[in-house]
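As C-alpha cells, the structure follows; a few thoughts come after it.
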Amino acid sequence: MEIAIIAHDGKKADMVQFLNKNKTLLQQEKIKIITTGTTGSKAENAGFKVKKMLSGPLGGDAQIAARVAEGKTDMVLFFKDPLSSHAHESDVNMLVRVCDVHNVPLATNEASAQLFLNAIAIK
C-alpha cells in the first residue's frame, strides 16, 4: 500500500508527531510512504524510509496527484494549514480533485488521518 504524506509548513511538526505515533504501522513492509520534498526530509530525520517527490510549491503535489491518477497511490494524508495562504493553492485543489475523481481516501487533518490508519491496521 502506498501512502502519500504531505504537510504545509505550519503542520510539518504535527505530521512528524503523527508519524511517530503510528510508527509501528507505517514501518510495516507492506506500507510504502511517498512525500513531498520538505515533509519527506522531516520524516527521514524522524527515522522513516520515504520516497521524496519535489517540494509542494515546485510540483510535488502535482507529482503525487499523477501517482493517484495512475493508481499507484492508495491514500493521501495531507495536513493542510487552513490559517495560512499558500501560493500553490491551485496545485492543492487539483490534488483534492484527483483524489475525488479516482476515489482515493484523502485526510486533511490528524483526526481523519488517524481514522484511515486505524482502518488499515484492522485488515
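All residue numbers in this chain count up from 1 along the given sequence.
The backbone N or O of G47 lies less than 3.5 Å from a partner atom in the side chain of Q27, making a donor-acceptor pair.
The hydrophobic cluster containing F79 also contains L25, counting ILVMFWY residues as joined when their side-chain heavy atoms lie under 4.5 angstrom apart, directly or transitively. Linking ILVMFWY side-chain heavy atoms closer than 4.5 Å, directly or via other members, places V104 and V101 in two distinct hydrophobic clusters.
For the residue pair G10 and D81, the shortest heavy atom distance occurs at CA-OD2, 3.7 Å. Nearest heavy-atom pair, S112 versus T108, reported as atom, atom and distance to 0.1 Å: OG-N, 3.5 Å. V16 approaches A46 most closely through the heavy-atom pair CG1-CB, 3.9 Å. Contact record, D91 with G56: OD2-O, 4.2 Å, taken as the closest heavy-atom pair. Counting all heavy atoms, side chain and backbone alike, F116 lies closest to A107 at CE1-N, 3.5 Å. Taking every heavy atom of both residues into account, A43 and V50 meet most closely at CB-CG1, 4.1 Å.
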Self-check item: Verdict with supporting geometry, M1 and I120, side-chain contact (heavy atoms from CB on, under 4.5 Å)
Solution: CA-CA 10 Å; M1 169 173 275; I120 64 170; 3.7 Å; yes
Quiz prompt | Check against side-chain contact (heavy atoms from CB on, under 4.5 Å), I3 and L26 | solution = CA-CA 9 Å; I3 300 174; L26 293 171; 4.1 Å; yes
Quiz prompt | Stepwise side-chain contact (heavy atoms from CB on, under 4.5 Å) check, V68 with V76 | solution = CA-CA 9 Å; V68 169; V76 178; 3.9 Å; yes
Exercise. Step by step, work out the side-chain contact (heavy atoms from CB on, under 4.5 Å) result for F78 and K11.
Key: CA-CA 9 Å; F78 188 170; K11 295 291 184 174; over 6 Å; no
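Of the inter-residue distances, the one linking M15 atom CE with H8 atom NE2 reads 11.0 Å to the nearest 0.5 angstrom. With rounding to the nearest 0.5 angstrom, the CD atom of E70 is 9.5 Å from the NE2 atom of H102. One distance of note links NZ of K51 with CD of E44; it measures 13.0 Å at 0.5 Å rounding.
F48 is linked by a ring pair (Phe, Tyr, Trp, His ring centres under 6.0 Å) to nothing, counting only residues two or more places apart in sequence or in another chain.
Residues Q114 and N22 have side chains in contact (heavy-atom distance under 4.5 Å, counting atoms from C-beta outward). In this structure the side chain of I33 never reaches within 4.5 angstrom of the side chain of K49, judged on heavy atoms. Annotation: side chain of M53 is not in contact with side chain of T35 (no heavy-atom distance under 4.5 Å). Under the 4.5 Å side-chain criterion, counting only non-hydrogen atoms from C-beta, I64 is in contact with L95. Counting heavy atoms from C-beta on, the side chains of I6 and L77 never come closer than 4.5 Å. Between T36 and L54, every side-chain heavy-atom pair lies at or beyond the 4.5 Å cut-off. Annotation: side chain of I34 is not in contact with side chain of I5 (no heavy-atom distance under 4.5 Å).
A donor-acceptor contact closer than 3.5 angstrom links the side chains of S41 and K52. Side-chain polar atoms of K12 and T39 form a donor-acceptor pair below 3.5 angstrom.
For N45, the CG atom sits in a packed shell: over 12 heavy atoms of surrounding residues, nucleotides or ligands are nearer than 6.0 Å.
With respect to the salt-bridge test (charged N to carboxylate O, under 4.0 angstrom), the residues K72 and E2 do not qualify.
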